[in-house]
Amino acid sequence: MANKEIGEFELRLKKHHDELRWLYMELYNNGSMFFELMETLRQFYEARSDSLKAVDREKEKDPNWYRRNDLLGMMLYIDNFGGTINGVKEKLPYLQKSNVNYIHLMPFLDTVPERSDGGYAVKDFRKVQPALGTMEDLEGLTAACHEKGIQVCMDFVMNHTSEDHEWAQRARNGEGEYMSRYFFFNNRDIPDRYEQTVPQVFPTTAPGNFTWLPECGHYVMTTFYPYQWDLNYRNPRVFNEMMANFLYLANRGIDIIRIDAVPYIWKELGTSCRNLKQVHTIVRMMRMIGEIVCPSVLLLGEVVMEPSKVVPYFGTVEKPECHMLYNVTTMATTWHTVATRDTTLLREQLDKVFALPTQYVFLNYLRCHDDIGWGLDYDSLRRFGMEERPHKAYLNDFFRGLRGLSNSRGELYNEDLVTGDARLCGTTASLCGLQAALESGKPEAIDRAIDAVVMLHAYMFMQSGIPVLYSGDEIGRCNDNSYHADRNKAADSRYLHRGKMDWAAAARAEKPGTSEYRIFTALARLETLRGEEAAFSCDAIAATLDTGDKAILGIARYLNGEQLVGLFNFSDEPKTAAAIHSGGVYRNLVTGDTLNISEITVPAQGFFWLKRM
Ligand code: GLC
């Protein structure tokens with residue numbers, strides 16, 4: 001057995017060794033540190049459990065396992081959802097009932113609550129926040145998930161550590177070796193030069209990219225919050241140690257590693273410090289390291305950038321980087337479409353994504369834990385006479401219920417008083433008007449909002465890739481305003497959509513007539529259908545359709561002679577799709593009825609999922 005295992009490791013290493021060494025030496029030119037890294041890989045391979053190694057072998061034989069139509073994700077906060085890691089374990093039956101077989105556990109590693117950024121300021125990469133449980137609990141949860149066929153995703157926050165991390169504390173105490181793991185400067189010269197070219201991530205809540213540390217007389221680079229110190233990946237010690245942390249977490253049974261804020265991990269004076277070529281070298285090395293030690297583990301890159309910057313993170317077919325990336329521009333464009341009732345830009349955006357090789361797997365979503373950043377294709381919008389600044393202002397007004405036919409209850413996020421820029425927060429249901437409708441008690445408004453929530457999910461499920469629900473959206477959870485009263489959260493409006501799971505509301509998903517029941521059952525039906533129809537898989541060819549009405553989005557998916565058509569009406573009136581060239585007889589997947597689609601009326605905020613007979 002031992003021999004067989006060594007053979008397996010050697011074989012995988014052999015496949016990647018030369019390229020890995022080449023890239024490492026190009027970046028670090030340090031043979032002994034490379035040797036040390038190889039030893040680390042071997043140790044983590046040896047420490048990996050037999051059951052995880054068995055999963056590795058299974059998935060190596062079936063490398064397309066995550067590209068099928070049967071994966072449905074949900075992202076959730078452990079404390080909000082189950083209180084603790086063990087509490088989440090007890091709630092697995094609820095996740096199964098929700099058809100979820102992939103959970104993204106929001107950051108749960110040790111952090112200081114007052115300086116946490118929702119857990120994205122990690123104090124110890126090998127310790128769970130005590131209030132949530134222990135590493136053993138995590139292993140128990142991943143094992144229980146695997147038994148039920150559920151994949152587990154976690155964040156790997158590799159751009160920075162918390163200022164409370166041991167390295168940061170030692171650096172603050174003046175230990176040179178630890179200072180070299182961050183960016184320290186004893187005067188403002190270089191920080192000022194960086195500031196000339198580096199944009200700001202949190203212009204209101206954390207202006208600037210450097211923080212002054214009076215106790216040690218240095219500035220430290222802090223791209224995000226002042227307590228999140230950027231790691232210096234020019235130092236091979238940082239890379240080696242962080243790779244060890246990655247493998248340590250993979251060995252706890254994590255299936256999908258979300259590489260947080262990955263575009264930012266390499267800094268270079270005179271640049272924007274985003275998406276530099278060394279970032280791709282590092283991600284490529286990480287991909288190979290994963291394939292050597294834990295080949296079943298997938299890398300999900302968090303690249304919240306315009307499409308031209310996102311796609312390179314897939315790497316090439318010969319030299320892949322991330323397995324999956326967020327479909328972020330599509331998400332933002334979806335909400336633009338909700339506000340404008342005009343699908344023109346969304347069609348253009350979807351066509352761009354559909355034109356990419358089908359190997360590329362996108363993670364599709366309507367809402368996540370972050371704000372909506374309005375990263376739209378403004379060059380296109382300008383052609384229709386829409387300028388960036390007034391259009392963003394319109395969207396932000398619309399989703400706060402201030403303009404247009406809006407019933408939304410969003411809040412602004414990081415309003416930049418200098419540039420006039422602002423982003424937006426709120427849950428799907430509240431942005432779709434459900435909160436206001438429930439408060440008003442008007443049945444028609446409630447119907448309309450529920451229709452919009454369901455239609456948006458039906459459309460999201462029809463994109464190519466893996467759909468990921470934001471916990472609570474399956475029952476139409478509304479905003480949580482309680483964060484305003486919490487000193488640690490009040491300045492960060494993202495907490496508006498980071499509320500506690502309402503289990504009483506979840507119980508109402510069993511009660512016909514409630515909004516929870518209506519949303520939950522409608523989504524469950526769609527999820528089941530999606531799992532049954534192979535043309536929803538990533539292998540299908542997808543295209544948008546000309547529906548003859550700007551309010552109606554049309555999507556077609558083709559696989560092995562089968563054809564699915566989706567029609568989605570983003571407006572508040574029934575609309576007729578008249579120009580679908582294919583025509584022909586189709587079956588309505590949801591109702592089972594047969595219909596001819598050469599001319600078809602789609603209800604207000606309604607949709608059709610059709611299959612050609
Ligand atoms: C990512 C996270 C975000 C966090 C940031 C800094 O963008 O999604 O929530 O604030 O990284 O770690």
Side-chain angles (χ1 to χ4, degrees), residues 73 75-80 104-123 125 129 153-165 168 182 198-209 211 220-231 233 242 245 256-265 267 273-275 279 283 299-306 309-310 313 322 324-329 331-332 363 365-375 413-414 423-426 468 470-471 483 488-489 491-498:
M75 43 194 304
L76 54 91
Y77 282 92
I78 292 171
D79 53 348
N80 288 340
H104 173 182
L105 301 172
M106 296 304 293
F108 55 78
L109 295 177
D110 205 14
T111 183
V112 173
E114 299 79 47
R115 300 183 288 277
S116 154
D117 184 23
Y120 285 97
V122 178
K123 185 180 167 192
F125 289 93
Q129 290 167 32
C153 170
M154 77 173 282
D155 287 87
F156 185 52
V157 186
M158 68 185 288
N159 178 69
H160 43 260
T161 73
S162 145
E163 67 172 341
D164 300 287
H165 189 281
Y182 300 94
V198 184
Q200 303 196 37
V201 182
F202 298 139
T204 322
T205 47
N209 288 289
T211 299
V220 66
M221 190 175 215
T222 53
T223 302
F224 293 86
Y225 280 105
Y227 50 78
Q228 289 166 318
W229 293 9
D230 289 76
L231 284 168
Y233 280 90
M242 290 304 282
N245 287 333
I256 300 162
I257 295 275
R258 174 187 181 275
I259 322 177
D260 181 61
V262 62
Y264 301 82
I265 60 177
K267 277 82 177 174
C273 295
R274 314 280 196 261
N275 308 301
V279 173
V283 180
L299 299 181
L300 163 63
E302 193 227 359
V303 185
V304 180
M305 299 272 159
E306 66 265 34
K309 300 288 187 331
V310 174
Y313 286 87
C322 294
M324 308 189 290
L325 295 170
Y326 287 92
N327 203 347
V328 56
T329 305
M331 181 280 293
L363 211 138
Y365 61 114
L366 293 172
R367 291 295 296 112
C368 71
H369 68 296
D370 280 329
D371 51 291
I372 304 173
W374 302 131
Y413 177 68
N414 262 280
R423 288 124 74 171
L424 193 101
C425 295
V468 177
Y470 188 54
S471 170
Y483 84 95
N488 293 331
K489 297 178 177 165
D492 192 335
S493 54
R494 292 178 298 178
Y495 286 99
L496 183 65
H497 51 254
R498 294 179 182 174

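Order of listing sets the numbers, starting from 1, for every ligand and every atom in it.
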**Student:** Can you pull every nitrogen or oxygen pair between ligand 1 and the protein closer than 3.5 angstrom?
**Tutor:**
| from | atom 1 | to | atom 2 | distance (Å) |
| --- | --- | --- | --- | --- |
| ligand 1 | 7 (O) | Glu302 | OE1 | 3.2 |
| ligand 1 | 7 (O) | Glu302 | OE2 | 2.9 |
| ligand 1 | 8 (O) | Arg258 | NH2 | 3.0 |
| ligand 1 | 8 (O) | Glu302 | OE2 | 3.3 |
| ligand 1 | 8 (O) | His369 | NE2 | 2.8 |
| ligand 1 | 8 (O) | Asp370 | OD2 | 2.5 |
| ligand 1 | 9 (O) | His369 | NE2 | 3.1 |
| ligand 1 | 9 (O) | Asp370 | OD1 | 2.8 |
| ligand 1 | 9 (O) | Asp370 | OD2 | 3.4 |
| ligand 1 | 9 (O) | Arg494 | NH1 | 3.2 |
| ligand 1 | 10 (O) | Asp117 | OD1 | 3.2 |
| ligand 1 | 10 (O) | Asp117 | OD2 | 2.7 |
| ligand 1 | 10 (O) | Arg494 | NH1 | 3.1 |
| ligand 1 | 11 (O) | Asp260 | OD1 | 2.9 |
| ligand 1 | 11 (O) | Asp260 | OD2 | 3.2 |
| ligand 1 | 12 (O) | His160 | NE2 | 3.1 |
| ligand 1 | 12 (O) | Asp260 | OD2 | 2.9 |

**Student:** Using the six-membered ring wherever Trp is involved, compare the ring planes of His369 and Tyr120 and label them parallel, tilted or perpendicular (cut-offs 30° and 60°).
**Tutor:**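 Ring orientation, 0 to 90° scale: parallel.
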**Student:** Which heavy atom of Cys322 sits nearest to which heavy atom of Ile259, and what is that distance?
**Tutor:**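 In terms of heavy atoms, the two residues are closest at SG-CD1, 4.4 Å.
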**Student:** When the ring centroid of Tyr365 is compared with that of Tyr470, is the distance short of 6.0 Å?
**Tutor:**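 That pair fails the under 6.0 Å test.
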**Student:** Please determine, by modelled atom types, if Tyr313 and Asn275 share a side-chain donor-acceptor pair under 3.5 angstrom.
**Tutor:**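 On atom types as modelled, these side chains qualify, holding a pair under 3.5 Å.
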**Student:** Measure across Tyr264 and Lys267 and return the closest heavy-atom pair with its distance rounded to 0.1 Å.
**Tutor:**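 In terms of heavy atoms, the two residues are closest at O-NZ, 2.7 Å.
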**Student:** Are side-chain N/O atoms of Tyr413 and Arg494 paired as donor and acceptor at under 3.5 Å?
**Tutor:**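 Yes.
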